[in-house]
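Please read the structure below before turning to the comments.
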Amino acid sequence: RAAGVHVSLEVLAAAGRAPKRHLRVQSISEWAPRMIGPYCQLTAHGGIARTAGNLGFDSATMELVSGGVRAECRAALAHCAAVLCAEGFAPRAATQLLVCHVGATNARAVGACVAGWLARQRDRAANDAPEPPPPHVLHVEVASLPKAGLAEVAMEAVDEVVARVVACEPFRVVCSGCELECDVHAVVRRRGDAGGGDSDDDDDESPGGSVVAAQCVARNRRPDGPLDAEQVAGAARCALRELEARGGRGAGAAAAALV
């Protein structure tokens with residue numbers, strides 16, 4: 001439970017000829033923790049991979065590592081990187097990180113750990129490789145995590161052979177007293193390799209055929225009190241319509257369906 005919300009459900013649907021790929025670690029290993037529930041550690045489709053949330057386990061013992069929240073966060077990041085690499089995805093090509101931590105007092109330590117990990121990924125990149133834009137990082141404070149963990153990390157990354165991440169122009173919207181500052185990037189896939197298009201031209205790249213992600217920071221501009229969920233949703237609809245006007249196809253339909 002985070003900020004009074006009991007359940008958060010994210011559903012991803014993908015169309016195309018290419019099948020989804022799954023990675024499941026079902027036995028004790030040294031390189032990645034085994035599953036602790038009915039899920040898979042990684043799902044990939046169309047050049048994009050998403051890991052499940054990883055806790056700070058010692059892979060060989062399936063016990064949480066010692067050293068507190070920093071050590072658990074470092075281990076969780078390493079596990080995400082390991083399952084990405086196992087399916088051919090480079091951690092440096094991460095586009096989004098979801099980082100959950102228990103308690104407000106752990107926020108600074110987790111933030112520093114994630115920032116250091118991202119800096120090391122940039123340093124390890126080949127000198128001649130174009131540097132992708134920094135990933136969106138969402139930090140969520142939660143009341144508890146499975147197995148009494150203190151930190152959990154989930155990650156999304158792209159296959160740099162068939163896709164690239166493009167930073168888009170950030171924008172700001174104000175609606176219903178809520179101001180949203182939106183940082184946007186697009187995962188642009190070569191249509192011939194994406195598994196979902198009919199084009200055979202591998203050099204045909206189009207943001208309109210890509211996955212567009214926006215991370216928005218909300219600020220209350222109302223002098224008469226806090227925002228409610230309806231006002232935030234109204235601002236999000238405005239942001240989606242603005243995103244569609246800038247080339248993010250389908251965002252308008254998402255705005256119409258947003259409740």
Looking only at heavy atoms, which two atoms of [X] and [Y] are closest? And how far apart?
| X | Y | value |
| --- | --- | --- |
| A151 | V69 | CB-CG2, 4.2 Å |
| R70 | C113 | O-SG, 3.9 Å |
| E141 | A104 | OE2-N, 3.4 Å |
| V153 | A76 | CG2-CB, 3.8 Å |
| A90 | A157 | O-CB, 4.2 Å |
| A239 | C182 | CB-SG, 4.0 Å |

Find out if a path of hydrophobic residues (ILVMFWY) with successive side-chain heavy-atom gaps under 4.5 Å connects L240 to V174. no

Under the criterion side chain to side chain contact (heavy atoms under 4.5 Å, CB included), I'd like the reasoning laid out for M155 against Q96: C-alpha separation, chi angles, the key distance, then a yes or no. CA-CA 6 Å; M155 199 174 297; Q96 296 187 57; over 6 Å; no

Can you measure from [atom1] ([X]) to [atom2] ([Y]) and round to the nearest 0.5 angstrom?
| X | Y | atom1 | atom2 | value |
| --- | --- | --- | --- | --- |
| R172 | E179 | CZ | CD | 4.5 Å |
| W117 | C80 | CH2 | SG | 7.5 Å |
| C73 | N54 | SG | CG | 11.5 Å |
| E242 | C175 | CD | SG | 12.0 Å |
| E87 | Q41 | CD | CD | 11.0 Å |
| L84 | R92 | CG | CZ | 13.5 Å |

Apply the test side chain to side chain contact (heavy atoms under 4.5 Å, CB included) to residues L118 and V137: give CA-CA distance (whole Å), side-chain angles for both, the deciding distance (0.1 Å), then the verdict. CA-CA 10 Å; L118 291 173; V137 181; 4.1 Å; yes

So does [Y] get a backbone contact from the side chain of [X], meaning a donor-acceptor N/O pair under 3.5 Å?
| X | Y | value |
| --- | --- | --- |
| E72 | L150 | yes |
| T51 | L42 | no |
| H79 | F57 | yes |

The residue among V110, L55, V102 that forms side chain to side chain contact (heavy atoms under 4.5 Å, CB included) with E152 is L55

Mind checking whether L97 and V114 have side chains closer than 4.5 Å, heavy atoms only? yes

Would you check, one step at a time, whether the test side chain to side chain contact (heavy atoms under 4.5 Å, CB included) holds for T95 with H136? CA-CA 6 Å; T95 58; H136 292 160; over 6 Å; no

